[in-house]
Amino acid sequence: MTELVLNRHKLLATYARQDVTFVDGDGAWLVDAGGKRYLDLFAGIAVVGLGHCHPAPLAAAHEQLDRLWHVSNLYWTEPMQALAAKLSDRFGGAGAFFCNSGAESVEAALKWARKATGRTEVVALEGSFHGRTFGALSVTGQPAKRAAFEPLVPGARFGLEHVGPETAAILLEPVQGEGGVRPLPAELLAQARALADEHGALLVFDEVQTGVGRSGAFFAWQRLGVRPDAVTLAKGLANGLPIGALLVADAAPAGFVPGDHASTFGGNPVACAAACAVVDAVDDELLANVRARSEQFAAALPVRGLGLLLAYDTAAPAADVAAAALAHGLVVGTAGEHTVRLTPPLTLTADEAAHAIDILLEIS
Ligand SMILES: *Cc1c(COP(=O)(O)O)cnc(C)c1O
């Protein structure tokens, strides 16, 4: 224990971590190094959608670990093809590019949009978050996150008023996640669709956080009634193993040809095997649970959001509320200085939600 604490300065200081070391997880519960149990309403930033150690992706990953770990994208593997087929079915016809994170899936989308249109501009929205790599950061509508790293990739514009003949893609999150959990009005999504069609631009939804059931549908766009040309996925796709995906609708221009884009680890058999099990587990029953738990939180707390991507504003600094929750055995996230974010496992039970609500009301 002491040795672990002494080694903390060996990590670069990119995070203000809470002072807790988790060692075990089971469903919506975490255990720290001292044996204390916590109800997890954060799921590792909306990643562990089926809960910790869910038996289905666990068994699928175990089985694949025992067979084959990696051969690269210069060959075919079965889990990659199976996952692409499952995601295409969910989307209603799409081709997949697999990578290892959300930011990488956005990079793939940006390159695809330029290649497919021959244009260079991308219109994103103020308050958006698309990742920390240079391309993804360039289209992230939060000046404070960009400032120290300029000059960034040129061609980013913020606001739908900038859509025009040079626009390769309109990129948006159906619910802005990191930017404060702000659902975009359905009219704004419809307007983005109409503008993209009018100007021959591609409409890309960044569903890295909203996808794979978190919204109460497999894709958030299915709840909001606007179909994009492409969608990015990552966080919840493999229940905690690293994976990202760009899905391009069959009806959209293919854009990429061999040699245009690549990833050494992308489509990793173990991650894809786990992701296949996750996609299969996101069924009507689970999605109904997401919507029911969402309503349960909304009835007790002043939350905004969609499905189990929820947040509410606090008078006290959100970091203080999160620390108080942790002391009470509850893990919550933040999304801005005065916003508490709730992104529990989609498998959260009514009793677990009630227990969490009791704690949140007690400490607020
Ligand atoms: C988290 C997130 C990303 C970045 O994902 P990483 O895996 O951290 O690179 C991109 N877009 C959205 C909408 C996200 O929530």
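Numbering of ligands and ligand atoms starts at 1, following listing order.
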Undergrad: Under 4.0 Å from a heavy atom of Q209: which atoms of ligand 1 are those, numbered in the order shown and with their elements?
TA: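 By the 4.0 Å cutoff, the relevant atoms are 15 (O).
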Undergrad: Say whether, by atom type as modelled, one donor and one acceptor occur between the side chain of E173 and the main chain of G177 under 3.5 angstrom.
TA: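 Present.
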Undergrad: How far is atom 7 (O) of ligand 1 from the closest protein heavy atom, and which atom is that?
TA: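 Answer for atom 7 (O) of ligand 1: G102 N, 2.8 Å.
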Undergrad: Quick check for you: to the nearest 0.5 Å, what is the distance between L11 atom CG and R17 atom CZ?
TA: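 CZ of R17 is found 5.5 Å from CG of L11.
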Undergrad: For ligand 1, does A234 get within less than 4.0 Å through its side chain, its backbone, both, or neither, judged by non-hydrogen atoms?
TA: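 Neither part.
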Undergrad: Under 4.0 Å, heavy-atom basis, I'd like to know which part of H130 is in contact with ligand 1: side chain, backbone, both or neither.
TA: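 Under 4.0 Å from ligand 1, H130 contributes backbone atoms alone.
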Undergrad: Please state which protein non-hydrogen atom is closest to atom 11 (N) of ligand 1 and give its distance, to 0.1 Å?
TA: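 Among all protein heavy atoms, the one nearest atom 11 (N) of ligand 1 is D206 OD2, 2.7 Å.
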Undergrad: Do you see a donor-acceptor pair shorter than 3.5 Å between the side chains of R293 and Q296?
TA: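 On atom types as modelled, these side chains qualify, holding a pair under 3.5 Å.
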Undergrad: Is the closest protein non-hydrogen atom to atom 9 (O) of ligand 1 under 4.0 Å?
TA: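 Given the 4.0 Å limit, the answer for atom 9 (O) of ligand 1 is yes, a protein heavy atom qualifies.
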Undergrad: If you measure every N/O of E104 against every N/O of ligand 1, is any gap under 3.5 Å?
TA: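 Looking only at distances, the answer is no, because the N/O contact criterion of under 3.5 Å is not met.
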Undergrad: With a 4.5 Å heavy-atom cut-off, do M80 and F98 have their side chains touching?
TA: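 With C-beta onward as the side chain, the pair touches.
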Undergrad: Quiz question: by atom type and distance under 3.5 Å, do the side chains of N239 and H54 form a donor-acceptor pair?
TA: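 There is no such pair between these side chains.
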Undergrad: Would you say ligand 1 has an N or O under 3.5 Å from any N or O of A103?
TA: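 By distance alone, the answer is yes.
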Undergrad: Hey, can you tell me if F219 and F91 have their rings parallel, tilted or perpendicular (30° and 60° cut-offs)?
TA: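 Ring orientation of F219 relative to F91: perpendicular.
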Undergrad: Give yes if a backbone or side-chain nitrogen or oxygen of K235 is under 3.5 Å from a nitrogen or oxygen of ligand 1, and no if not.
TA: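 Min N/O separation from ligand 1 is below 3.5 Å for K235.
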